[in-house]
Number of protein chains: 2
Amino acid sequence: MLSDIEPVNRESTASIIARQLRDAIMTGALPPGTQLGEAELAARFEVSRGPLREAMQRLVSEGLLRSERHRGLFVIDLEPGDVYDIYASRAAIERAAAIRIMRGDTESAVAELSEALDEMIEAAADPDPNALPEADLRFHEALVRASGSRRLVRMARTLLIETRMCLAALQRTDQPGEDRVTEHTAIIEAMTAGDEQRVLELLDAHMEDAITRLAPGSSLHSGPPPSVPADGVDIAG
Amino acid sequence: MLSDIEPVNRESTASIIARQLRDAIMTGALPPGTQLGEAELAARFEVSRGPLREAMQRLVSEGLLRSERHRGLFVIDLEPGDVYDIYASRAAIERAAAIRIMRGDTESAVAELSEALDEMIEAAADPDPNALPEADLRFHEALVRASGSRRLVRMARTLLIETRMCLAALQRTDQPGEDRVTEHTAIIEAMTAGDEQRVLELLDAHMEDAITRLAPGSSLHSGPPPSVPADGVDIAG
DNA sequence: TACGTGAGGATTGTTGACAATCCTAGTAGA
DNA sequence: TCTACTAGGATTGTCAACAATCCTCACGTA
């Protein structure tokens with residue numbers, strides 16, 4: 001096939017390192033607050049400090065790393081208000097994605113999402129407690145990707161990583177797996193039916209569910225929690 | 001005041017360079033498609049290539065620069081579909097910001113926005129044709145910042161830069177300045193009245209206005225334009 | 001004329017070393 | 001006992017040189 005042609009430009013080293021670091025942060029292998037020593041990491045990746053620093057600067061601009069000059073780089077630590085912020089932002093992005101799906105090529109989107117749903121069903125039977133949450137996030141990733149919006153995809157990537165950080169930090173893998181599958185199934189059904197309003201409602205309820213479970217007392221509908229630090233200045237740039 | 005204490009950590013060099021590059025891309029000093037030669041830029045900024053590369057990697061992960069291995073870094077060029085993508089994404093982010101404002105501290109948000117509006121009114125009288133569009137974007141920046149969401153702010157930053165790129169590329173500074181001020185005034189009034197639904201409607205109409213002006217034929221309501229390249233693989237990472 | 005081939009030049013990718021800065025621990029003095 | 005100060009060690013920030021890769025263009029051949 002013509003589409004099988006490999007790009008002659010392989011991935012850059014900084015790209016590879018950045019992705020691996022993202023994974024490590026995401027899974028909790030690098031817990032929030034961890035300091036990333038350049039020398040140590042460079043040795044682990046078997047590269048020099050140059051490319052490593054480039055990779056880390058990427059994560060800084062994505063908001064996954066926090067830079068303190070002459071101190072080092074640290075994995076961001078999630079404060080209570082961040083759970084709300086993450087889910088509210090995700091709700092906004094995924095809502096927009098859903099709208100674009102409903103007003104665009106709904107059919108192929110449903111096909112891709114059904115595939116993701118199948119993986120969830122498989123994961124629900126997996127003894128590994130992380131299997132289902134991971135499949136869950138892959139579903140939402142597929143949702144955004146199906147929108148065809150490069151920018152929504154880019155923005156969602158960081159948010160999904162942060163979501164995974166929350167789950168890892170809070171160790172909340174409990175909750176009936178069937179419910180989760182059901183909620184996602186309902187979304188796909190509403191899409192197939194072409195009922196945009198219902199898709200949005202279901203998606204919103206889905207997010208509301210998640211946040212009340214992770215941060216009891218917060219709600220997407222009743223506004224942000226008491227004190228969310230605005231943090232206007234951004235030293236790291 | 002205690003809040004006036006300055007952080008002892010000054011900005012990092014990579015931060016400064018990244019910001020300057022963003023400005024240059026935004027204003028059109030570095031037009032879309034431009035190749036950024038490392039040696040040349042390093043000489044201009046009077047730094048070595050190390051910090052410069054770090055800064056550029058940041059812009060890559062923000063989506064403002066495109067990296068081709070062993071070829072160089074290029075300013076992204078906006079294709080027709082990008083105008084829609086940018087404005088649709090902005091609509092999603094700003095809608096979310098507005099909702100959080102309406103359900104949070106509406107009063108102080110209105111105060112900040114009124115300030116931004118005053119600047120717009122001043123700019124409308126400015127002979128410089130760029131003054132008003134710039135003030136316009138600052139208003140929207142203030143809107144997102146007033147939401148208090150760190151993540152919405154981060155995502156909006158890149159989108160506003162891309163918006164400015166569109167304006168610079170299309171050279172569309174024409175349009176009655178009074179209309180613009182009026183639209184923004186209406187949004188603030190609806191906020192003061194506490195009418196969330198109306199705020200969202202006005203914001204949506206505002207975005208719809210902009211996109212039909214910049215990309216005739218596109219509409220936020222009728223779904224994405226025919227072919228938006230999904231661009232699933234991301235070589236640059 | 002059209003096509004494959006191979007220097008030549010220029011650009012990016014990577015490395016290791018050097019300079020600047022900061023935290024910590026230990027010490028002297030009140 | 002507590003505070004101020006000073007090395008010491010470790011870490012980050014910066015730089016210039018080297019290696020690898022790619023594009024261009026001239027050259028020779030069918």
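Chain A is the first sequence line, chain B the second, and so forth, proteins listed ahead of strands; every chain is numbered from 1. Keep in mind the model is a prediction, meaning the values are calculated, not measured.
Checking B/Arg22 against B/Thr158 by side-chain atom types alone, no donor-acceptor pair falls below 3.5 Å.
Between the CG atom of B/Leu65 and the P atom of C/dT12 there is a distance of 12 Å, rounded to whole Å. In this structure, NE2 of B/His70 is placed 11 Å from P of C/dT12, rounded to the nearest angstrom. Here the P atom of nucleotide D/dG13 and the CD atom of B/Glu46 are 21 Å apart, to the nearest Å. With rounding to whole Å, A/Arg53 atom CZ is found 11 Å from D/dC15 atom P. C/dG13 atom P lies 13 Å from atom CD1 of A/Ile16, rounded to whole Å. A/Gln57 places its CD atom 11 Å from the C1' atom of D/dG13, with the value rounded to the nearest Å. Counting to the nearest Å, the P atom of D/dG13 and the CD1 atom of B/Ile17 are 13 Å from each other. Nucleotide D/dT11 holds its C1' atom 13 Å from the CG atom of A/Leu41, rounded to whole Å.
Within the 4.0 angstrom heavy-atom criterion, no nucleotide atom of any strand lies near A/Leu52.
Listed by chain and number, the residues in a side-chain hydrogen bond (donor to acceptor under 3.5 Å, both in side chains) with B/Ser108 are B/Asp105 (sequence neighbours excluded).
Closest to the side chain of B/Arg71, from the set C/dT12, D/dC22, D/dG13, is D/dC22. Minimum atom distance to the side chain of A/Pro51 is reached by C/dT15, of the listed D/dT12, C/dT15, D/dC15. Of the candidates C/dT15, D/dA16, C/dG13, the closest approach to any side-chain atom of B/Arg69 belongs to C/dG13. Here the nucleotide nearest the side chain of A/Glu54, chosen from C/dT14, C/dT11, D/dT12, is C/dT14. Each of C/dG16, D/dC22, D/dT12 was ranked by its minimum atom distance to the side chain of A/Gln35; first place goes to D/dT12.
Between A/His140 and A/His184, the ring-plane angle classifies as perpendicular under the 30° and 60° cut-offs.
Along DNA chain C, the nucleotide nearest A/Ser48 and the nucleotide nearest B/Gly72 are compared for position; the residue whose nucleotide lies closer to the 5' end is B/Gly72.
An OP1 or OP2 oxygen of D/dG13 is reached within less than 4.0 angstrom by no side-chain nitrogen or oxygen of B/Thr13. In this structure, B/Arg49 does not reach the D/dC15 phosphate: none of its side-chain N or O atoms is under 4.0 Å from OP1 or OP2.
Annotation: A/Glu115, atom CD; neighbour count of heavy atoms from other residues, nucleotides and ligands within 6.0 Å does not exceed 12.
A ring pair (Phe, Tyr, Trp, His ring centres under 6.0 Å) check over residues 35-63 of chain B, counting only residues at least two apart or in different chains, returns nothing.
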